[in-house]
Structures are given as C-alpha cells and as structure tokens.
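All values below come from the heavy atoms of this structure, side chains included, with hydrogens, waters and symmetry mates left out. All values derive from a computational prediction rather than experimental measurement.
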Amino acid sequence: MKKKAFLSLTLLVFLSTSAFAVKPPGHGGASQGMMGGAAAAPASNETISGKVLQTMNSGGYSYVNLQKNSGDKIWIAVPEAPIKSGAQMSFQSGMEMKNFESKSLKRTFDSIIFSSGVIASQASAASAAEPKKEASPGSKGAATPKEEKITVTKAKGANATTIENAYLNSAKLDKKKVVIRGKVVKVSAGIMGKNWIHIQDGTGSQAKRNHNMVCTSSEMAKVGDVITVTGILAKDRDFGSGYRYDAIVENATFKK
C-alpha cells in the first residue's frame, strides 16, 4: 500500500512540473526560454483593457505594462506591435506565467500574461480599412493658397514650361516630359508609396486652380526649397479616393 501511495505521489509531481515547463503559444525560441520554475495559469476569456504605462520591444514581442481600468497594474506580452505609452488599449486574453524569465530582456517578471494580440477599437479598425486621405485632396482642394507672393525664374532648356502653361497645354503635354522650376509649398510624405510635393512659381491663379502643381516622387524636398522638377505630365489623373488631378507630374526628380 505504501509503495502504491509513493508511486501516485511521484506521478503527481512529475505531471505538475511538466505543466510548469510548457511555453505559451507563439512564444517559442531560445530568446524567450523560461526558467524551470515558471508556472503557467490557464487562460481566461476576459478582454484586458487599460492605459499603457510602459512598453518595450524585444525578441519579436512587445512587453506592455498596463494599468487596467480597475486600477491594477499588470504586464502583457504580445507579438510585436506599434504601442505607445499613454494609449488606451485592449488586448486579447491569454495564459498567465509566473516567474517568467525573458532572456532577451535579461529580466524576470513575477507575473505576465501572454496575449494573442491587440484588439483594435472600432474607430481604429474603420480608419485602417479606409484609404488615408488628405484634408483636401485633388486639384480642387489640394491647391495650396497663395499665402505669399512667389516669383520663380522659369526653367531653361528643352521641355521647360511654367505651371500655368503646363495646365493650359496639358492635353498636348500629356504623357510627355516636362521641366518646371518652382518653390515647394507643401509636402505629403509616404502616401500610396510616394512623396507628394506641391510647387508654385508665381504663374496661374487659385481661382482657376492652375497655380499649384503636384509632383509625385520617390525623392524628397523640403518646404521653402526652390527646385527644378523633371517628370512626366499626366492629364486628368484619377487615383481614386478623391485623388483626382487636372494635371500632375509623376515619377519626378528634383534638382536645386
């Protein structure tokens, strides 16, 4: 009888320590290895919400110190994501680990929850689903007003033109190279994989919407720069989502 009781106790200890050694789903790898003493608690179905007090990325994961809406402070680990301190966020539930050692951070957490990921708010999800729009896209709205008197000497050489003439002759210049010299009045970076540079040279008028030329490019310029733009003019270019231009210079290169 004593022998049977001893075997039963041995088996119970073995199963318990084996359970403690289980790694949380999605957190394998030597960089996230745990100490043998780390204990796992079953995952709950509760959504975890609160204010981000601290965040740090390491080993492909984001570690978040969260102050829950109840006031309690906890640590959460999720697959690496853009998380900022001060943000109000919600996370999926997950397995709680006690005495978890992160070798990449060289730190042991008394308790940490391994969440499957961030739960986007309805507003954030709607925003992510829609294409990013300028406040006033297209030729009609994106034409920056003449807040100052701009006078720029016209470019010289073959294919040189002014902004006003580029609009007036857009049918003839469509899909042809143009060279325009102007002052940068607005820059929108990284929209649809391009930089959108607005230039003016003092010609044209806001009333006719032919004083501001938008140039798309992989290159960048700064507001206030006077540059010579070389690119292909496109007439009636419609990118969708309100980005429609009576004339635009594409694949542009810049030279000061």
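- The shortest non-hydrogen separation linking Ser49 to Leu66 is C-CD2, 4.0 Å.
- When side chains are defined from C-beta on, Ser111 does not count as touching Ile74, because their heavy atoms never get closer than 4.5 Å.
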Inset, instruction - Before giving the answer on side chain to side chain contact (heavy atoms under 4.5 Å, CB included), spell out for Tyr61 and Leu105 the whole-Å C-alpha distance, their side-chain angles and the decisive distance to 0.1 Å. - result: CA-CA 11 Å; Tyr61 300 98; Leu105 288 175; over 6 Å; no
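- When side chains are defined from C-beta on, Met213 counts as touching Tyr167, because their heavy atoms get closer than 4.5 Å.
- Residues Val64 and Phe91 meet the side-chain proximity criterion, which asks for heavy atoms closer than 4.5 Å.
- Closest heavy-atom contact between Asn195 and Ser218: ND2-O, 3.6 Å.
- Put simply, Met56 and Ile112 are part of the same group of oily side chains (I, L, V, M, F, W, Y) that touch within less than 4.5 Å, one to the next.
- When all heavy atoms are compared, the tightest approach of Lys222 to Val184 is O-CB, 3.3 Å.
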Legend entry - Intermediate values then yes/no, side chain to side chain contact (heavy atoms under 4.5 Å, CB included), Phe114 and Met97: CA-CA 8 Å; Phe114 286 90; Met97 301 297 301; 3.3 Å; yes
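- With Asp246 contributing its side chain and Lys235 its backbone, the two residues share no donor-acceptor pair below 3.5 Å.
- Scored by the side chain to side chain contact (heavy atoms under 4.5 Å, CB included) test, Lys208 finds Ser205, Asn210 as partners (sequence neighbours excluded).
- Ser217 is linked by a side chain to side chain contact (heavy atoms under 4.5 Å, CB included) to Glu219, Ala252, Phe254, counting only residues two or more places apart in sequence or in another chain.
- Counting only heavy atoms from C-beta outward, the side chains of Val187 and Met220 approach each other to under 4.5 Å.
- Judged by distance alone, with hydrogens and angles left aside, the side-chain atoms of Thr203 form a donor-acceptor pair with the main-chain N or O of Glu164 at under 3.5 Å.
- Interatomic distance, CG of Leu233 versus SG of Cys215, reported as 9.5 Å (0.5 Å rounding).
- In this structure a side-chain-to-backbone donor-acceptor pair under 3.5 Å is missing from Thr230 to Val179.
- Taking OG from Ser85 and NZ from Lys51, the interatomic distance works out to 9.5 Å, rounded to the nearest 0.5 Å.
- Annotation for Ala221 and Ile197: closest pair N-CD1, 4.1 Å, computed over non-hydrogen atoms.
- The closest donor-acceptor contact from the side chain of Tyr63 to the backbone of Gln54 lies at 3.5 Å or more, if one exists at all.
- With sequence neighbours excluded, the residues that form a side chain to side chain contact (heavy atoms under 4.5 Å, CB included) with Ile232 are Lys177.
- A pairwise comparison of heavy atoms in Asn212 and Ile163 identifies N-CG2, 4.0 Å as the closest pair.
- Ile150 is listed as a side-chain neighbour of Val185, based on a closest heavy-atom distance under 4.5 Å.
- In terms of heavy-atom proximity, Ser90 sits nearest to Thr47 at CB-CG2, 4.1 Å.
- Residues Val223 and Ile180 share a hydrophobic cluster, clusters being chains of Ile/Leu/Val/Met/Phe/Trp/Tyr side chains in contact below 4.5 Å.
- Contact check on Lys103 versus Glu101 returns no salt bridge, with no Lys/Arg side-chain nitrogen under 4.0 Å from an Asp/Glu carboxylate oxygen.
- Counting only distance, with no hydrogens or angles, the side chain of Asp72 and the backbone of Lys68 share no donor-acceptor pair below 3.5 Å.
- In the hydrophobic clustering of ILVMFWY residues, with side-chain heavy atoms under 4.5 Å counting as a link, Leu168 and Val178 come out apart.
- Proximity of a side-chain donor or acceptor of Arg181 to a complementary backbone N or O of Thr153 within less than 3.5 Å is detected.
- From Asp174, atom CG reaches atom CG of Asp236 across 8.0 Å, with rounding to the nearest 0.5 Å.
- The CG atom of Asn99 lies 6.5 Å from the CG atom of Asp110; values are rounded to the nearest 0.5 Å.
- For the atom pair Asp225 CG and Lys256 NZ, the distance stands at 4.0 Å (nearest 0.5 Å).
- Between Trp75 and Phe100, the closest side-chain pair of non-hydrogen atoms is not below 4.5 Å.
- Side-chain N or O atoms of Ser62 include one that pairs as donor or acceptor with a backbone N or O of Ala81 at under 3.5 Å.
- Between Asp201 and Ile199 there is no side-chain heavy-atom pair separated by less than 4.5 Å.
- In this structure, the separation between NZ on Lys176 and OG1 on Thr161 is 12.5 Å, given to the nearest 0.5 Å.
- Annotation: side chain of Lys73 is in contact with side chain of Gln67 (closest heavy-atom distance under 4.5 Å).
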